[in-house]
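All remarks here apply to the structure that follows.
Atoms considered below: every heavy atom in the structure, side chains included; atoms not considered: hydrogens, waters and symmetry mates. Within every chain, numbering begins at 1; the chains are lettered A, B, ... in the order of the sequence lines, protein sequences first and strands thereafter.
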Amino acid sequence: MKRTEIKDLFLFPSQFDSQEITVCGWAKSIRDHKTTAFIHLTDGSCHSPLQVVFTSELQNYADVASQNVGAAFIVKGTFKLTPDAKQPFEVEASEITIEGSSSPDYPLQKKHHSLEFLRTIPHLRTRTNTLSATFRVRSVTAYAIHKFFNEHGFVYAHTPIITTSDCEGAGEMFRVTTLDPVKPPLTESGDPDYSKDFFGKPTSLTVSGQLEAEVMALTFGKVYTFGPTFRAEQSFTARHASEFWMIEPEIAFAELQDDMDLARDMIKFVLQYVMEQCPQEMAFFNDMYDKELIQRINSVIESDFAKVTYTEAIEILEKVKDKFQYPVFWGADLQTEHERYLTEQVFKKPLFVINYPKELKAFYMRLNDDGKTVAAMDLLVPAVGEIIGGSQREERADVLEQRIRECGLNVEDYEWYLDLRRFGGTHHAGFGLGFERLIMYMTSMANIRDVIPFPRTPNNALL
RNA sequence: UCCUCGAUAGCUCAACGGCAGAGCGGGCGGCUGUUAACCGCUAGGUUCCCGGUUCGAAUCCAGGUCGAGGAGCCA
């Protein structure tokens with residue numbers, strides 16, 4: 001069957017003027033009178049619905065008109081421009097086939113539903129305006145990220161999802177095992193005997209592909225990962241999920257400033273691309289969720305990002321420390337309230353905070369010449385908070401080994417990682433971008449559960 | 001794990017110690033072009049669970065379950 005997608009009607013309406021076309025889709029609304037009726041039809045190809053008009057001259061008029069919201073139709077008819085009406089064009093149907101009926105029980109009504117209610121029906125909520133717009137943006141964003149890195153000569157690196165290292169201790173991990181959960185084989189000391197497990201040792205789902213990405217970066221120069229990541233944390237916030245997607249570029253012969261430049265360029269490129277490709281969706285989010293969204297995104301595309309050192313940030317915060325619940329002093333970790341104040345009140349735009357005290361950061365971050373701070377950077381954005389965390393990596397094998405010991409880690413576990421420094425080591429840098437947090441920032445969706453089609457959070461894994 | 005808030009019709013909510021309601025959605029009817037159409041009629045309830053206080057509990061109290069927001073962890 002040759003069918004026309006509704007997206008193309010919106011892109012090139014004049015090309016279809018007075019043409020006979022076939023459109024397929026699902027009813028978002030059906031309104032009938034005695035002799036004329038209307039269907040708002042969506043096929044998922046774009047945000048706006050197509051209006052279908054049909055009259056009692058259709059032999060199955062009553063049948064079609066009495067269908068419920070959600071029903072699937074195949075419509076043949078004439079495309080007509082309607083410049084004087086609320087909708088730009090419509091299809092005058094000559095034949096409507098009821099492809100799949102819906103029912104009065106259909107949970108989605110022609111009204112506002114709370115996002116919280118919609119989370120309880122993940123198999124249907126994707127059909128709503130908000131969720132479909134979000135997931136269309138999500139798809140376009142994923143493509144934009146690949147496009148950006150591809151056009152900049154990066155190699156797309158697949159790092160393992162099942163891992164044997166706990167990387168940087170970046171959070172609680174999900175155990176991966178085929179051992180009998182009730183009666184696992186035991187060692188003489190009574191512990192589970194992982195030598196009998198599938199891989200002959202304990203394994204988990206990855207919390208970060210960074211260390212493996214470094215392997216790839218020291219081969220290909222510029223690489224990025226883009227894949228699922230898992231954290232078994234008992235997090236109950238609107239911006240944490242147990243399963244999320246992360247983008248982790250890693251670049252060789254690069255310093256912290258190169259890392260920040262890359263992050264900034266990538267964010268700008270992606271925002272611009274989504275603005276171009278998803279104008280209907282962005283207008284929708286702007287109208288329904290945040291009247292300043294488009295203005296804010298455009299200003300991010302055009303302006304530079306702010307940058308402060310951790311030490312400068314502390315100086316700024318100390319002047320207004322009475323505002324805060326948590327104390328501000330050099331050496332203290334920045335709390336969410338501090339980060340939000342900096343990015344939302346002081347700088348009012350995306351903000352890099354760099355050079356944190358080494359005690360606050362991971363062992364692999366490069367020690368600065370002051371001996372107290374490391375070449376780390378966090379990118380904070382208003383409303384969402386930390387969206388990127390990155391650093392220049394410690395390329396000096398002796399310093400790295402020292403830091404591994406300081407952090408209480410086992411040097412033998414990191415011999416391969418030290419080898420990267422012993423054999424042609426170079427200074428290099430990278431970062432992790434939370435894909436969902438980027439989607440939240442672009443759509444103004446406030447909850448990470450609403451930017452993942454089938455979200456996993458503690459005690460919640462529907463479908 | 002800690003703190004706060006919440007749970008009433010299919011959905012969104014009201015009633016806050018005295019007959020459990022509205023809007024939307026559903027059903028039926030009406031309407032010659034609607035735009036989350038409109039108009040009329042109508043059905044629809046274990047007020048999350050379990051105890052307690054009271055003449056009387058959706059409402060107050062204790063415990064629990066589930067959810068949401070925040071903190072921490074971080075992306």
G67(B) and C49(B), which share atom name C1', separated by this distance in whole Å: 15 Å
Going through the distances and angles, do Tyr326(A) and Glu337(A) end up as a side chain to side chain donor-acceptor pair (under 3.5 Å)? CA-CA 8 Å; Tyr326(A) 288 89; Glu337(A) 60 175 350; over 6 Å; no
Does His240(A) get its side chain close enough to the base of C73(B), under 3.5 Å, for a donor-acceptor pair? yes
Among G72(B), C11(B), A75(B), which nucleotide has an atom closest to any side-chain atom of Ala241(A)? A75(B)
I need the CG-P distance between Asp32(A) and G26(B), as an integer number of Å. 11 Å
Could you label the plane-to-plane angle of the Phe324(A) and Tyr341(A) rings as parallel, tilted or perpendicular, counting under 30° as parallel and over 60° as perpendicular? perpendicular
Separation of the P atoms in A43(B) and G69(B), to the nearest angstrom: 39 Å
Salt bridge flag under 4.0 Å for residues Arg437(A) and Glu386(A): no
Once you apply a heavy-atom cut-off of 4.0 Å, does Glu90(A) come out as touching a base, just sugar-phosphate, or nothing? base
Which value, in whole Å, describes the distance between the C1' atoms of nucleotides U1(B) and G18(B)? 44 Å
Less than 5.5 Å between centroids and less than 30° between ring planes, does Phe38(A) satisfy that with G33(B)? no
Looking only at the side chain of Pro104(A) (C-beta and beyond, no hydrogens), which of the listed nucleotides A75(B), G26(B), G69(B) gets closest? G26(B)
Test Phe220(A) against Phe154(A) for ring pair (Phe, Tyr, Trp, His ring centres under 6.0 Å), laying out the working first. CA-CA 8 Å; Phe220(A) 300 100; Phe154(A) 281 67; over 10 Å; no
Could you check how far CG of Asp450(A) sits from P of G69(B), rounded to whole Å? 9 Å
Report yes if at least one side-chain N or O of Ser114(A) is closer than 4.0 Å to OP1 or OP2 of U12(B); otherwise report no. yes
Taking the minimum atom-to-atom distance to the side chain of Ser235(A), which one of G33(B), A75(B), C73(B) wins? C73(B)
Touch class at under 4.0 angstrom, heavy-atom based, for Ile448(A) against every strand present: base
Any strand: nucleotide that pairs with C24(B) via Watson-Crick or wobble, under 3.5 Å: G10(B)
If G67(B) has a Watson-Crick or G-U wobble mate with both distances under 3.5 Å, name it; if not, just say none. C5(B)
NA contact type, Glu337(A), heavy-atom cut-off 4.0 Å: base, sugar-phosphate, or nothing? nothing
Phosphate OP1/OP2 of A71(B): any Arg239(A) side-chain N/O under 4.0 Å: yes
Once you round it to whole Å, what is the distance between P of G27(B) and CD of Gln109(A)? 11 Å
Over how many whole Å does the gap from Leu118(A) atom CG to G67(B) atom C1' extend? 15 Å
Would you tell me if any nitrogen or oxygen in the side chain of Thr336(A) comes within less than 4.0 Å of OP1 or OP2 on G72(B)? yes
Sticking with atom C1', work out how far A15(B) lies from G33(B), rounded to a whole angstrom. 41 Å
In whole angstrom, give the distance that lies between atom CD of Gln234(A) and atom P of G67(B). 12 Å
Could you give the CZ-to-P distance, from Phe117(A) to U8(B), as a whole number of Å? 12 Å
Phe435(A) and Arg138(A), any side-chain heavy atoms less than 4.5 Å apart: yes
Taking CZ in Phe174(A) as the centre, count heavy atoms belonging to other residues, nucleotides or ligands within less than 6.0 Å. Is the count above 12? yes
Phosphate-side-chain proximity, Arg449(A) and G69(B), N/O vs OP1/OP2 below 4.0 Å: yes
Which of parallel (below 30°), tilted (30 to 60°) and perpendicular (above 60°) describes Phe284(A) and His47(A)? tilted
d(CD, Gln335(A); C1', C2(B)) in whole Å: 14 Å
Do His113(A) and C11(B) share a donor-acceptor pair, side chain to base, under 3.5 Å? no
Classify Gln87(A) by what it touches in the nucleic acid, base, sugar-phosphate, or nothing, heavy-atom distance under 4.0 Å. base
Pairwise P distance, C13(B) and C48(B) [rounded to whole Å]: 15 Å
Of A75(B), U1(B), A71(B), the nucleotide closest to the side chain of Thr237(A) is A71(B)
Proximal nucleotide (of A68(B), G33(B), A71(B)) relative to the Asn447(A) side chain: A68(B)
Tell me which nucleotide among A75(B), C73(B), G69(B) gets nearest to the side chain of Arg231(A). A75(B)
Classify the side chain of Arg31(A) and the base of C31(B) as holding, or not holding, a donor-acceptor pair under 3.5 Å. no
Pick the nucleotide of RNA chain B nearest each of Lys110(A) and Tyr326(A); which residue has the one closer to the 5' end? Lys110(A)
Taking atom CZ as the centre, does Arg340(A) end up with more than 12 heavy-atom neighbours from other residues, nucleotides or ligands that are less than 6.0 angstrom away? no
What integer number of Å spans the C1' atoms of C16(B) and G27(B)? 34 Å
Taking pairing as Watson-Crick or G-U wobble with both contacts under 3.5 Å, can you name the mate of C31(B), or confirm there isn't one? none
Any idea how Phe269(A) and Phe148(A) line up, ring-wise: parallel (<30°), tilted (30 to 60°), or perpendicular (>60°)? tilted
Rounded C1' spacing from G52(B) to G64(B) in Å: 14 Å
Between G10(B) and A57(B), how far apart are the two P atoms, rounded to whole Å? 24 Å
Please confirm whether the shortest side-chain N or O distance from Asn68(A) to OP1 or OP2 of G10(B) is below 4.0 Å. no
Among G70(B), U34(B), A75(B), which nucleotide has an atom closest to any side-chain atom of Phe236(A)? G70(B)
When both hydrogen-bonding distances must be under 3.5 Å and the geometry is Watson-Crick or G-U wobble, what is C55(B) paired with, if anything? G18(B)
Please tell me if Asn459(A) has a side-chain N or O lying less than 4.0 Å from either OP1 or OP2 of G67(B). yes
On RNA chain B, does the nearest nucleotide to Gln325(A) precede the nearest nucleotide to Thr457(A) from the 5' side, or the other way round? Give the residue. Thr457(A)
Between P on A71(B) and CD on Glu386(A), what's the gap in Å once rounded to a whole number? 13 Å
